[in-house]
Structures are given as C-alpha cells and as structure tokens.
Amino acid sequence: MRTEKLKIVKNVLGRSYKSGAEYLFYCPYCNHNKMKMSVNVSNNVWKCWICDRSGRNIGTLIRKFGTIDDKIAWSKFENRVETTDFDTLFAEKEEEIAPKVDLPKEFQSLTGTNRSSGALSAKLYLRNRGIGKPDILKWKIGYASTGEYEGRIMVPSFAPDGSLSYFVARSYGKAWPRYKNPHTSRNIVFNDLYLEWDKDIILVEGVFDAIKAGNAIPLLGSTLRKKSKLFQKIAATKKEIYLALDPDAKKKTDSITNLFNRFGVDVYQIDVSGYEDVGEMTKAEFKKRKKEASILETDDYLLEKVLAI
C-alpha cells in the first residue's frame, strides 16, 4: 500500500529525493527552487520548510494538485466517493425547466435616486448593516412600501441566462416574519449570474452574509445535499471551498465538510466567533479572517468528537 501511495504522490508532485523516512519535493504552493516539501507517506503528513504550509493528510495535496485519475486512485485509501458515485452525480441530465419567478409588482429599485420616505428608511436600514451604494448596485437591491412585501428589503437572484431565479425579502421595520420569500424551489445557485467561479467561492448562511463576504453564496436552507444544484456545481468545478457559517452551526459545518471531502473538495473554515453571523462583521474584518482560514478535514472532526467524550 505504501508503494502505491508513493507512486501517486510522485505522479502529482513530480521529482523527489529520499531523506530518511521522508521524500522531498518541489513545493507547489510557494514554487521554491529547491526541494523543500517533505512528505512522510507512512505517517500521512507533509510540510514545506520554506512557506511553512503543512497538513496531516496527504490527500489534501492529491485533491488540490492531482488530476481526476490521481484523485480516484487515492480515494480508495480514504473514506471518499467511489468512481461510480462521480458518474452518477455528474451524469448528463435532461435539461430542467426552471420555475417562473417574478418580482412583486410593488418592487422598487434602490439603485437610483429614489428619495421617498420608504426608500430612505430602507437605505438607512442597509447603511446600519454596513451595506452601501456599491453593494446595492452590485446586488440590484430593492424594496416594497406597499403590498404583500410592504416594509421589506428585496435581494433578487439571477440565473446564468439572466432570468430571475429567486429573491429574498427581509423586513426593515416591524413587518413579521422577518423573512418572506417566494413559494418556489430553493434548489438554485443564488445569483449565479454574477459569481466569479475562477476565484474563491464562500458559502454563508444568508444573503446579507453573502453581501458582506463578497464572492459568496447563501445556502438558503438548513443543510446542503448531494443532489442540490449548488453542491453539484461546486463539486464539479472547484478544488476548494470556504465555509463561513454561524458559530452555533457546528453540526451543519460538520455535515457539509464531510460531504465535500468525499468528493475531493477541500473545505477551509473562516472563524466567525465573536459575531452572531458574517453579516455583523465589517468587510475588512471578514477579509482578515478569510486570510487566516484553516483547512477542515473529516478526521479533524472525528478527533474533536473523541476528545469531547
């Protein structure tokens, strides 16, 4: 087994030389001109002595830098998805007809110079949450001062073809319940039209968290399932994902991490402690914490649970 593992590692990282029980490779993170990344296959650990990157699972390197064949070959050494599961998950499907969604006729955009009392109240609410004009323009935010959605901020979601796929309506006054969303499927990638898939993708709880986080997707639900469009798109296109859920959502974080790990996607956790959610943070604080994000592994959670007993 060790020989087979080493063969995969060499296939991913390239040339190496042996030093005791370890093999030294060029580091794919810092690209230093000397072989300074030490990999110990027997102990399943690795470390670069230049950039200080390290890990307790070689699979992290395979999933980030390996080909699909490398990932599949390595998956038999871990509790990860089998090739047949990949085939089933990403098999070509018949094109689904998206349900028609319309914004309420009372919707009024906040992107212009509307100075009505309702617009000013809505803008004041957004400003108090640290959401300014650039965010309003980017997210096409509006509000309603009459009708079913009276007294609510509305944030629309657009599909890749430009059609409306969903919207979130949140009260900015005394309207109850706080959220009143359309009666349509939430199996979407929120605001997919404006996401930059070639950059880091961040998963958050709600739409106001997403506005603060930047290139982010709100989950719109209590969990993330294998058959959801959001999970399938991420698993098919990304090698890593950032997770910034509420501090009290540890079970959800655990579940989502396990699911992504099984499909070869590394999960980095952004620390939200000290705040109720990402929406309470300043953008500067969130960026700082994102830079400090730590990788989550299924094994880390199992260890935590054992230590907590």
Side-chain angles (χ1 to χ4, degrees), residues 98-112 114-159 164-191 202-214 216-225 228 230 244-253 255-256 272-283 285-286:
K100 183 175 173 56
V101 184
D102 292 311
L103 285 169
K105 64 180 184 299
E106 297 86 5
F107 176 88
Q108 297 182 60
S109 175
L110 288 170
T111 60
N114 188 337
R115 298 191 63 81
S116 67
S117 59
L120 292 175
S121 296
K123 288 179 179 178
L124 178 61
Y125 171 82
L126 292 172
R127 185 160 61 245
N128 288 339
R129 295 198 64 158
I131 298 171
K133 188 173 181 179
D135 300 310
I136 293 172
L137 291 170
K138 176 182 177 181
W139 291 82
K140 313 293 186 288
I141 300 174
Y143 79 108
S145 58
T146 60
E148 182 182 358
Y149 293 90
E150 179 180 354
R152 296 181 185 276
I153 299 286
M154 280 183 276
V155 185
S157 165
F158 297 95
L164 186 74
S165 59
Y166 198 76
F167 65 86
V168 170
R170 207 279 189 201
S171 64
Y172 59 85
K174 297 180 180 179
W176 190 260
R178 287 187 302 171
Y179 287 92
K180 185 180 179 68
N181 301 330
H183 300 292
T184 188
S185 173
R186 292 184 294 182
N187 186 19
I188 62 164
V189 179
F190 195 93
N191 234 7
I202 307 159
L203 295 185
V204 294
E205 297 274 7
V207 69
F208 288 96
D209 299 328
I211 293 171
K212 283 291 183 70
I217 308 171
L219 290 175
L220 301 178
S222 58
T223 189
L224 186 64
R225 302 188 184 282
S228 72
L230 174 55
L245 305 186
D246 297 351
D248 60 356
K250 188 167 179 59
K251 285 186 178 179
K252 186 192 295 190
T253 298
S255 174
I256 291 173
V272 187
S273 62
Y275 295 87
E276 186 176 334
D277 52 39
V278 172
E280 282 196 345
M281 291 185 182
T282 63
K283 291 181 180 180
E285 176 64 20
F286 183 81

*Where Val101 and Ser165 come nearest, the two heavy atoms and their spacing*: CG2-O, 3.6 Å
*Nearest-0.5 Å distance, OH of residue Tyr149 to CZ of residue Arg170*: 15.5 Å
*Is there side-chain contact between Glu205 and Asp277, with heavy atoms separated by less than 4.5 Å?*
no
*Taking side chain as C-beta onward, heavy atoms only, is Val278 less than 4.5 Å from Val272?*
yes
_Test item: Ser121 side-chain N/O and Ser117 main-chain N/O as donor-acceptor pair under 3.5 Å_ = yes
_Check Asp135 with Lys283, please: is the shortest side-chain N to carboxylate O separation under 4.0 Å?_
yes
_Would you say that Leu245 contacts Leu219 through its side chain, given a criterion of any heavy-atom pair below 4.5 Å between the two side chains?_
yes
*Of the non-hydrogen atoms in Thr282 and Glu285, which two are nearest, and what is the gap between them?*
OG1-N, 3.0 Å
_Check whether Lys250 reaches the backbone of Pro247 with its side chain - one donor and one acceptor, N or O, closer than 3.5 Å._
no
*Just wondering, do Leu224 and Leu203 contact through their side chains at under 4.5 Å, heavy atoms?*
yes
*Donor-acceptor side-chain pairing of Asn187 and Ser185 below 3.5 angstrom*: no
_A side-chain contact here means heavy atoms from C-beta on lying under 4.5 Å apart; do Ile153 and Phe208 qualify?_
yes
*Taking the side chain as every heavy atom from C-beta outward, state whether Tyr166 and Pro182 have any pair of such atoms under 4.5 Å apart.*
yes
*Do the side chain of Asn191 and the main chain of Ser157 share a donor and acceptor less than 3.5 angstrom apart?*
no
_When you compare the side chain of Phe286 with that of Ile202, does any pair of heavy atoms fall below 4.5 Å?_
yes
*For residues Thr111 and Ser109, report the shortest heavy-atom separation together with the two atoms involved.*
OG1-OG, 2.6 Å
*Gap between atom CG of Leu120 and atom CZ of Arg127 - 0.5 Å precision*: 8.5 Å
*If you round to the nearest 0.5 Å, how far is CE of Met154 from OH of Tyr172?*
9.0 Å
*With Phe167 as reference, evaluate Asn181, Leu103, Val155, Val207 under the side chain to side chain contact (heavy atoms under 4.5 Å, CB included) test and give the passing residue.*
Leu103
_Flag, side chain of Asp209 to backbone of Gly206, donor-acceptor distance under 3.5 Å_ = yes
*Find out whether Arg129 and Ile211 are in side-chain contact, i.e. whether some heavy atom of one side chain is under 4.5 Å from a heavy atom of the other.*
no
*Check for a donor-acceptor pair, side chain of Lys212 on one end and backbone N or O of Gly279 on the other, with a separation under 3.5 Å.*
yes
*Report the distance from atom CG of Leu126 to atom CD1 of Ile136, rounding to the nearest 0.5 Å.*
5.0 Å
*Distance-only, no hydrogens or angles: does the Glu280 side chain make a donor-acceptor pair with backbone N or O of Glu276 under 3.5 Å?*
yes
*asked:* Check whether Arg152 reaches the backbone of Arg178 with its side chain - one donor and one acceptor, N or O, closer than 3.5 Å.
replied: yes
